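Down below is the structure, laid out as structure tokens.
Predicted model only: the values in this text are computed from it and were never measured. No hydrogens, no waters, no symmetry mates; every other heavy atom, side chains included, goes into these values.
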Amino acid sequence: MARNYWLMKSEPDAFSFEDLKNCPNKTEHWDGIRNYQARNLMRDDMKKGDWVLFYHSNAGKETGVVGLAEIASKEAYPDHTSWDKKSKYYDEKSSKENPRWLMVDVKYKRPLKCPVTLQQLKEETALEGMLVIKRGQRLSIQPVEKQHFDHVSEMGGVKL
DNA sequence: GCCAACGTTGGC
DNA sequence: GCCAACGTTGGC
């Protein structure tokens, strides 16, 4: 089956692409997603081997795509932070027996030679329609069309 | 720090 | 089921 393509946002102050690189096996579980649309995308459409544009949000003029990653878990699985009372992602409506929230594992692949800023994404006519450049688009996991993924990679100086 | 846009909650 | 109030995201 053909691979799917995604964009995943993270605030670099909280968890950056470099942080992912420094994780054991360059892999980390993507916890804390508390949005139904994003959860359903993970549950229904994400699969191992899908490719990801790693996007730094809330990062001033650094805001943009900084690297490539891939989905490393076979599928989405329960987010244990959702029933951990000490976690800031705790949700009283979620439990181990009946988990409400899911996560996937994300693995570092490679950095873009030159990061592609949000500004550049907006100026690129070939990327018209990409969700991330839509105003007010807050979804933290977004589907990306293959042609857009390829184009952003190319802009970033990465030959796939 | 501001604030527009958006998702969720809860009263009715 | 509607919608106002609220909290959060994230660009600027």
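A/Ser73 is linked by a side-chain contact (heavy atoms from CB on, under 4.5 Å) to A/Ile71, A/Tyr77, A/Val104, A/Asp105, counting only residues two or more places apart in sequence or in another chain. In this structure, A/Lys21 has no salt bridge (charged side-chain N to carboxylate O under 4.0 Å, His left out) partners at least two apart in sequence or on a different chain. Under the side-chain contact (heavy atoms from CB on, under 4.5 Å) criterion, A/Arg100 pairs with A/Tyr36, A/Arg39, A/Asp91, A/Lys93, A/Ser94, not counting sequence neighbours. Taking A/Trp30 as the reference, nothing meets the side chain to side chain donor-acceptor pair (under 3.5 Å) condition, with sequence neighbours excluded. Contacts of A/Cys23 classified as side-chain contact (heavy atoms from CB on, under 4.5 Å), with partners at least two apart in sequence or in another chain: A/Phe15, A/Glu28. When the ring-ring contact (aromatic ring centres under 6.0 Å, His included) test is applied to A/Trp6, no partner is found at least two apart in sequence or on another chain.
The stretch residues 123-137 of chain A comes close to DNA chain B through A/Arg135, A/Gly136, each having a heavy atom under 4.0 Å from the strand.
Along DNA chain C, the stretch of nucleotides lying under 4.0 Å from any heavy atom of chain A spans, 5' to 3', C/dG7 to C/dC12.
The residue among A/Arg100 and A/Asn58 whose nearest nucleotide of DNA chain B is located toward the 5' end is A/Asn58.
Evaluation of the ring pair (Phe, Tyr, Trp, His ring centres under 6.0 Å) test over residues 106-133 of chain A, restricted to residues two or more places apart or in two chains, returns A/Phe17-A/Tyr108.
Of the possible donor and acceptor atoms, one in the side chain of A/Asp50 sits under 3.5 Å from a partner among the backbone N and O of A/Lys47.
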